Colleague: 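Below is one structure. I have some questions about it.
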Amino acid sequence: GEDWIDHFFTRALLFLAGILLRRIGWLDARHGARMLRIVGNVGLPALIIGAIGGVPREPALLVLPASAVAVMLIVGVLAALTARLLGLARPSAGALVVSAMAMNLAVVFPFVFVAWGPEALARTVVFDAGNAVTQWTLVYLLAARYGGHATGVGEILGRVVRAPPFV
């Protein structure tokens with residue numbers, strides 16, 4: 001109840017303070033880029049780790065990552081069919097399929113936390129686990145295949161294994 005309201009107003013005041021400091025010239029775009037790196041590399045992982053710790057161990061939660069995979073597969077198939085109907089060249093078809101399947105949920109984590117609290121954030125992070133695994137396997141495989149940088153199965157799998165999340 002009241003904790004959520006306090007957190008919301010604290011964040012709103014910090015946001016307004018940032019706007020004020022930018023307007024009076026004490027902060028510029030360079031400071032914003034640094035702050036974004038700090039939030040993305042320190043704050044966001046801490047938020048995710050804290051959320052995962054609060055996830056109840058319920059078998060029903062497996063539906064969340066499975067639904068993320070299902071959404072990505074359905075959208076990918078629809079994008080591939082659309083590319084075929086439009087007669088798109090291989091690179092354009094690949095761009096359509098890969099971009100249609102991509103979900104970047106990390107940007108919504110702080111908003112989910114502020115709006116609905118830690119339990120909703122935990123469920124969003126669990127949903128995103130299915131997205132992350134699919135993104136760094138199937139979507140990466142499709143990108144390598146469509147992009148023409150690797151044509152054989154072995155070469156494509158090699159590129160996946162050398163991708164940053166696996167290294």
Side-chain angles (χ1 to χ4, degrees), residues 4 7-8 11 15 32-33 35-167:
W4 181 87
H7 290 292
F8 176 79
R11 284 166 182 79
F15 180 76
M35 182 59 95
L36 184 59
R37 279 198 308 272
I38 291 169
V39 169
N41 295 327
V42 177
L44 199 53
L47 185 63
I48 292 168
I49 290 167
I52 291 294
V55 174
R57 309 304 186 258
E58 302 170 6
L61 283 179
L62 293 176
V63 170
L64 292 173
S67 64
V69 173
V71 166
M72 294 174 80
L73 291 174
I74 291 167
V75 169
V77 167
L78 291 173
L81 291 172
T82 301
R84 182 170 285 184
L85 285 171
L86 294 174
L88 296 179
R90 183 182 177 103
S92 297
L96 178 64
V97 171
V98 168
S99 63
M101 293 178 75
M103 287 192 269
N104 185 1
L105 296 179
V107 298
V108 302
F109 289 167
F111 299 104
V112 168
F113 181 72
V114 169
W116 296 293
E119 185 176 337
L121 175 63
R123 292 179 188 282
T124 305
V125 168
V126 171
F127 174 87
D128 192 47
N131 165 50
V133 169
T134 306
Q135 191 75 27
W136 287 107
T137 55
L138 178 63
V139 176
Y140 194 87
L141 283 168
L142 290 170
R145 183 176 179 277
Y146 275 110
H149 299 293
T151 53
V153 173
E155 191 179 353
I156 291 172
L157 289 174
R159 289 182 71 87
V160 170
V161 171
R162 290 187 309 272
F166 296 109
V167 174

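Keep in mind the model is a prediction, meaning the values are calculated, not measured.
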Colleague: What's the separation between atom OG1 in Thr124 and atom CD in Glu119, rounded to the nearest 0.5 Å?
Modeller: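 Separation between the atoms: 10.5 Å.
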Colleague: Give every donor-acceptor pair under 3.5 Å between a side-chain atom in residues 97-105 and any protein atom, sequence neighbours left out.
Modeller:
residue	atom	partner	partner atom	Å
Ser99	OG	Ala95	O	2.6
Ser99	OG	Leu96	O	3.3

Colleague: Please set out all donor-acceptor pairs under 3.5 angstrom arising from side-chain atoms of residues 65-81, sequence neighbours excluded.
Modeller:
residue	atom	partner	partner atom	Å
Ser67	OG	Val63	O	3.2
Ser67	OG	Leu64	O	2.7

Colleague: For Leu86, give me all partners under side-chain contact (heavy atoms from CB on, under 4.5 Å), at least two apart in sequence or on another chain.
Modeller: Thr82, Leu88
Colleague: With sequence neighbours left out, what residues match Ala120 under side-chain contact (heavy atoms from CB on, under 4.5 Å)?
Modeller: Val112, Trp116
Colleague: What are the two closest non-hydrogen atoms of Tyr146 and Gly94, and how far apart are they?
Modeller: CG-CA, 3.2 Å
